[in-house]
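What follows is a single structure, written as structure tokens, with notes after it.
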Number of protein chains: 2
Amino acid sequence: MLNLSVLLEDSARNHPERAAVVLGPQRLTYAQVNAAANQVAGLLRSRGIQPGDKVALTCPNLPYFPIVYYGILKAGAVVVPLNVLLKGREIAYHLRDSGAKAYFCFQGTPELPMGAEGFAGFNEVDSTEHFFLITADPAAASPIEGAETMGAGLAGQSPVFETVQRSETDAAVILYTSGTTGQAKGAELSHSNLVLNALTCNRLFGTQPATDTHLLVLPLFHSFGSTVNMNAGFSTASTLVLLPRFDPEAAVQLLQSENVTFFAGVPTMYWGLLNALKEGVDVERIAANMRIAVSGGSSLPVEIIKAVKERFGVTILEGYGLSETSPVATFSAPGHEPRPGSIGIPIWGVEVKLIDGDWNSVDNPDEIGEIAIRGHNIFRGYIGRPEATAEVMRDGWFRTGDLARRDKDGWYYIVDRAKDMIIRGGFNVYPREIEEVLLTHEAVSLSAVIGVPHESHGEEIKAFVILKPGASATEEELVAWGREQMAAYKYPRVVKIVESLPMTATGKLLKRELS
Amino acid sequence: MLNLSVLLEDSARNHPERAAVVLGPQRLTYAQVNAAANQVAGLLRSRGIQPGDKVALTCPNLPYFPIVYYGILKAGAVVVPLNVLLKGREIAYHLRDSGAKAYFCFQGTPELPMGAEGFAGFNEVDSTEHFFLITADPAAASPIEGAETMGAGLAGQSPVFETVQRSETDAAVILYTSGTTGQAKGAELSHSNLVLNALTCNRLFGTQPATDTHLLVLPLFHSFGSTVNMNAGFSTASTLVLLPRFDPEAAVQLLQSENVTFFAGVPTMYWGLLNALKEGVDVERIAANMRIAVSGGSSLPVEIIKAVKERFGVTILEGYGLSETSPVATFSAPGHEPRPGSIGIPIWGVEVKLIDGDWNSVDNPDEIGEIAIRGHNIFRGYIGRPEATAEVMRDGWFRTGDLARRDKDGWYYIVDRAKDMIIRGGFNVYPREIEEVLLTHEAVSLSAVIGVPHESHGEEIKAFVILKPGASATEEELVAWGREQMAAYKYPRVVKIVESLPMTATGKLLKRELS
Ligand SMILES: Nc1ncnc2c1ncn2[C@@H]1O[C@H](COP(=O)(O)O)[C@@H](O)[C@H]1O
């Protein structure tokens with residue numbers, strides 16, 4: 001029997017007075033977070049929520065997130081974290097698709113009225129019986145008519161609760177996959193999946209209990225932040241400093257003032273941090289405290305690795321995985337220099353291989369194949385979608401849709417997502433490679449490469465580029481420069497200089513919005 | 001999906017050339033052990049063994065033990081390790097009770113003819129279809145007529161095998177509990193139970209991969225050695241130096257010559273080591289290498305902790321558990337001075353409480369109750385014995401039969417096994433306490449206290465005592481001395497001086513043989 005909430009409970013038992021979460025001036029200890037989570041569990045039980053029931057959660061990175069997350073788990077229920085940007089209709093879809101019985105939703109802000117969207121979505125779905133509005137001030141009256149506040153619900157609930165034990169293989173969390181393609185599907189992760197992924201992270205990071213301070217900027221509704229910062233961090237009694245919305249300047253301030261030792265982010269966040277090292281920032285102090293920097297979620301440009309090493313004195317460790325893999329599947333090899341551009345080697349207890357379209361393995365060094373993964377981190381399946389599950393699973397192996405090559409020492413290199421690959425005049429072109437080349441141009445700060453339809457070649461290569469502050473280059477110059485750097489079938493015939501690029505809430509470039 | 005064999009496989013992948021097992025001059029690397037285990041798995045599959053089938057194993061601490069153990073696991077089958085001292089009839093009982101389909105058995109020696117006993121037992125049981133005799137020399141012809149050797153079976157098997165994935169909750173190992181009372185029952189431990197116990201050990205010992213050398217003297221068929229030395233050791237690519245039969249002089253020689261860093265033993269083994277520090281032993285060298293010393297399995301006398309600290313420079317860490325708890329359940333608190341006489345605090349992810357006969361919890365500091373345990377380490381149940389399982393399990397809690405108290409800081413102290421408690425004239429007397437007092441007498445080296453029937457008091461207290469070499473004391477003197485040290489209802493009215501005390505194969509005093 002196992003419950004993922006044990007990660008919190010053990011730290012609350014051994015380090016009750018240590019700060020678990022910090023938000024601005026607010027600090028909650030492990031004992032306090034655990035007690036509040038116990039109240040949430042008590043509330044759910046009092047409303048008839050049974051072990052195995054699904055409970056949805058919409059909440060930015062506030063102390064409420066872990067409190068409700070572990071509270072749902074303690075009650076034996078399954079957490080369904082939702083993207084905070086969803087609209088009412090989308091929320092209704094997720095509530096219905098997951099079969100959520102109850103729904104906790106943060107009130108939001110005037111710019112992002114999560115509470116109103118959430119309540120609208122909730123009202124569309126009969127099978128979701130309970131709605132709890134999380135208000136910024138727990139004592140506040142409900143700002144939404146007809147919606148009960150969580151604060152009101154928790155009043156009178158005991159801070160003690162005997163956690164419901166679950167089977168290791170029972171679902172603990174349902175993560176809706178980012179949905180950059182197709183309809184969002186709920187990946188069911190078990191208690192064992194998520195406990196072992198957190199413990200393996202600790203092994204990778206060499207974390208000693210009650211020593212680390214994380215700056216938490218990854219959204220907690222996504223697998224990367226919830227495992228690497230929250231579950232792994234809580235299991236080692238780390239302190240999580242929350243920044244509800246990633247803002248590079250604010251992040252740099254917190255790195256400095258909170259003596260942060262651990263930072264995990266997607267590549268664009270590192271890019272943001274580097275650009276925010278303005279005058280007045282004590283970069284030396286930040287570098288002196290920083291122990292571990294982790295990147296994942298999308299490919300890490302080599303130029304960023306170099307710059308972070310130079311400024312913060314740490315080598316970014318790169319990990320790779322998907323919501324379906326808990327998420328960490330590969331990681332820079334412990335005790336070895338990371339290899340720039342590589343996602344590392346399989347983590348403890350996980351196997352990786354490359355396959356072709358028919359699941360045959362692709363074994364030659366540097367040959368490109370699709371990544372398939374097997375081990376303790378593979379999800380149970382997509383809830384309610386046996387066919388979609390069967391499509392990606394065979395003999396315990398999960399096929400990821402990501403293309404990669406393996407060098408002769410067994411390190412893996414993502415070349416691209418299978419569906420992102422551009423085919424120009426019969427040649428395979430991997431956008432990632434073109435982006436890496438563009439980043440070596442002195443005027444280029446960020447780039448995104450896509451395929452656009454083309455009459456005779458099938459697809460043509462197009463690059464979007466953000467220039468460095470103060471730098472100048474014309475689109476024509478960049479096309480010409482690219483022609484010198486790359487093979488004729490590869491270089492972008494079209495370059496567009498832009499001020500910004502569309503990103504998902506998890507900080508990934510949203511290429512489908514480019515054209 | 002999970003398979004306990006991942007502990008070996010991961011180390012073979014990352015540290016293929018490191019020595020996994022050492023036996024005298026023989027050294028096998030992780031790659032070699034893994035390849036041999038793959039052959040065992042291939043052999044089992046070729047004979048029709050299916051995932052979930054049970055396969056029994058009788059083998060002393062030889063390299064064959066881990067090879068066959070992980071080989072059975074790789075095939076998806078369940079390992080049933082048997083005590084090497086069992087006789088033919090007892091072996092037949094275990095094969096039948098577990099439903100073993102195949103049986104690997106070491107040939108033994110003239111003094112301990114395991115192979116002959118094993119083959120006799122096998123021949124009594126129709127449901128056990130395959131017998132493989134493990135010969136000391138794998139190329140040797142079978143010394144037992146009609147018995148196939150494992151060496152012959154492995155010939156031609158591929159050193160590569162794709163491990164069968166199992167569910168986390170599936171049984172991995174069935175441990176027959178020591179059977180010092182009643183009929184031996186098979187405790188089913190899952191893959192998750194044993195993986196999490198090994199990983200939690202690594203956290204407790206602060207083990208870094210590929211750095212430790214274990215002296216392995218605990219029998220591998222028992223939970224203590226198989227988890228703490230073999231599974232935890234293999235999962236961190238430690239080197240295991242095997243000593244098939246515990247002999248204090250030989251053990252001390254190996255501590256010295258192999259630069260051992262990690263020793264785990266039952267208290268009587270520490271007692272043996274201390275007595276073997278004769279002239280010519282380089283105690284300083286031993287102490288300089290020794291990093292971790294662990295004791296468990298039975299109560300560790302405070303006098304031994306002191307002496308080990310003095311001679312080997314390490315403080316023995318004490319753990320507690322049972323076969324049914326994977327086994328580690330409590331352990332000296334990491335980062336705190338161990339408290340002499342205490343079994344420590346619950347390990348990561350495990351809860352402990354004290355209960356009375358009706359499962360009500362006993363909460364006052366220092367009050368005595370029976371230890372109950374809940375968490376990731378609790379077994380699935382006794383195979384084929386739903387009633388026996390139901391008797392000891394409630395709401396995920398497992399009652400251990402061990403009596404203990406908890407101090408105000410939450411540290412636990414075993415007072416005795418419920419069934420060992422002596423009731424003299426209505427007073428509860430805990431043998432452990434009396435033994436500790438006797439050990440403080442300058443002439444006493446080891447002692448065992450039991451209850452013997454008494455007309456008027458119900459039970460009377462009787463002590464068996466081994467004297468220190470060269471010391472002299474009479475039985476009457478010891479009775480008189482005891483009367484001065486202890487309350488009238490406690491001190492042993494009868495003391496018997498003996499040369500040796502009966503022990504189980506796992507090094508525990510076998511009190512039921514005393515009277
Ligand atoms: N540290 C310890 N102190 C006292 N008794 C122990 C300790 N560890 C294990 N035991 C005893 O060993 C029993 C388990 O035996 P086994 O199932 O053979 O491992 C427990 O129920 C305890 O009675």
Side-chain angles (χ1 to χ4, degrees), chain A residues 1-7 9-11 13-15 162-170 190-193 195-196 198-200 202-204 206-211 235-237 333-336 345-353 361 374-380 393 395-398 410, chain B residues 1-7 9-11 13-15 162-170 190-193 195-196 198-200 202-204 206-211 235-237 333-336 345-353 361 374-380 393 395-398 410:
Chain A
M1 307 297 269
L2 191 65
N3 192 318
L4 178 58
S5 67
V6 75
L7 304 180
E9 288 153 11
D10 195 83
S11 291
R13 181 168 75 179
N14 287 307
H15 305 281
E162 184 163 12
T163 292
V164 175
Q165 298 293 299
R166 302 291 292 156
S167 170
E168 284 78 357
T169 50
D170 282 339
S190 70
H191 291 275
S192 171
N193 285 154
V195 165
L196 285 176
L199 297 185
T200 308
N202 298 341
R203 181 171 162 131
L204 287 169
T207 314
Q208 291 304 311
T211 54
S235 76
T236 50
H336 294 262
I345 61 172
I347 62 165
W348 184 88
V350 167
E351 293 170 88
V352 172
K353 64 179 179 183
S361 74
R374 194 167 86 149
H376 54 71
N377 63 334
I378 302 302
F379 74 138
R380 289 159 42 102
M393 300 280 269
D395 297 334
W397 289 96
F398 164 69
Chain B
M1 307 296 269
L2 190 65
N3 192 318
L4 178 58
S5 67
V6 76
L7 304 180
E9 288 154 9
D10 195 83
S11 291
R13 182 168 73 181
N14 287 307
H15 305 281
E162 184 163 10
T163 292
V164 175
Q165 299 292 300
R166 303 291 291 155
S167 169
E168 285 78 356
T169 49
D170 282 340
S190 70
H191 292 275
S192 172
N193 286 154
V195 165
L196 285 176
L199 296 185
T200 308
N202 297 342
R203 181 171 163 131
L204 287 169
T207 313
Q208 291 305 310
T211 54
S235 76
T236 50
H336 294 261
I345 62 172
I347 62 166
W348 184 88
V350 167
E351 294 171 87
V352 172
K353 65 180 179 183
S361 75
R374 194 166 86 149
H376 54 71
N377 63 334
I378 301 302
F379 73 139
R380 290 160 41 101
M393 300 280 269
D395 298 333
W397 290 95
F398 163 69

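All figures in this text were calculated on a predicted structure; none of them were measured in a lab. Below, each value reflects all heavy atoms present in this structure, side chains not excepted, and no hydrogens, waters or symmetry copies. Order of the sequence lines sets the chain letters (A, B, ...), proteins ahead of strands, with each chain counted from 1.
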Give me the one residue out of B/Val195, B/Thr200, B/Leu196 that meets side-chain contact (heavy atoms from CB on, under 4.5 Å) with A/Leu199.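 Exactly one option meets the side-chain contact (heavy atoms from CB on, under 4.5 Å) with A/Leu199, and it is B/Leu196.
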Euclidean distance, [Y] [atom2] relative to [X] [atom1], rounded to 0.5 Å:
| X | Y | atom1 | atom2 | value |
| --- | --- | --- | --- | --- |
| A/Ser167 | B/Arg380 | OG | CZ | 9.5 Å |
| B/Gln165 | A/His376 | CD | NE2 | 10.5 Å |
| A/Glu162 | B/Arg374 | CD | CZ | 4.0 Å |
| A/Arg13 | B/Trp348 | CZ | CH2 | 10.0 Å |
| B/Asn193 | A/Leu2 | CG | CG | 10.0 Å |

Using heavy-atom distances under 4.5 Å, tell me whether [X] contacts chain B through its side chain, its backbone, both, or neither.
| X | value |
| --- | --- |
| A/Glu9 | neither |
| A/Ile347 | backbone |
| A/Asn202 | side chain |
| A/Asn377 | neither |

Max heavy-atom pair count under 4.5 Å with chain A, selected residue of [options]:
| options | value |
| --- | --- |
| B/Gly335, B/Gly410, B/Ser192, B/Pro209 | B/Ser192 |
| B/Val164, B/Asp10, B/Asn3, B/Thr163 | B/Asp10 |
| B/Pro346, B/Ser190, B/Gly206 | B/Pro346 |

A/Ala333, A/Ser235, A/Pro334: which one forms the most heavy-atom pairs within less than 4.5 Å of chain B?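 Counting heavy-atom pairs under 4.5 Å, the top option is A/Ser235.
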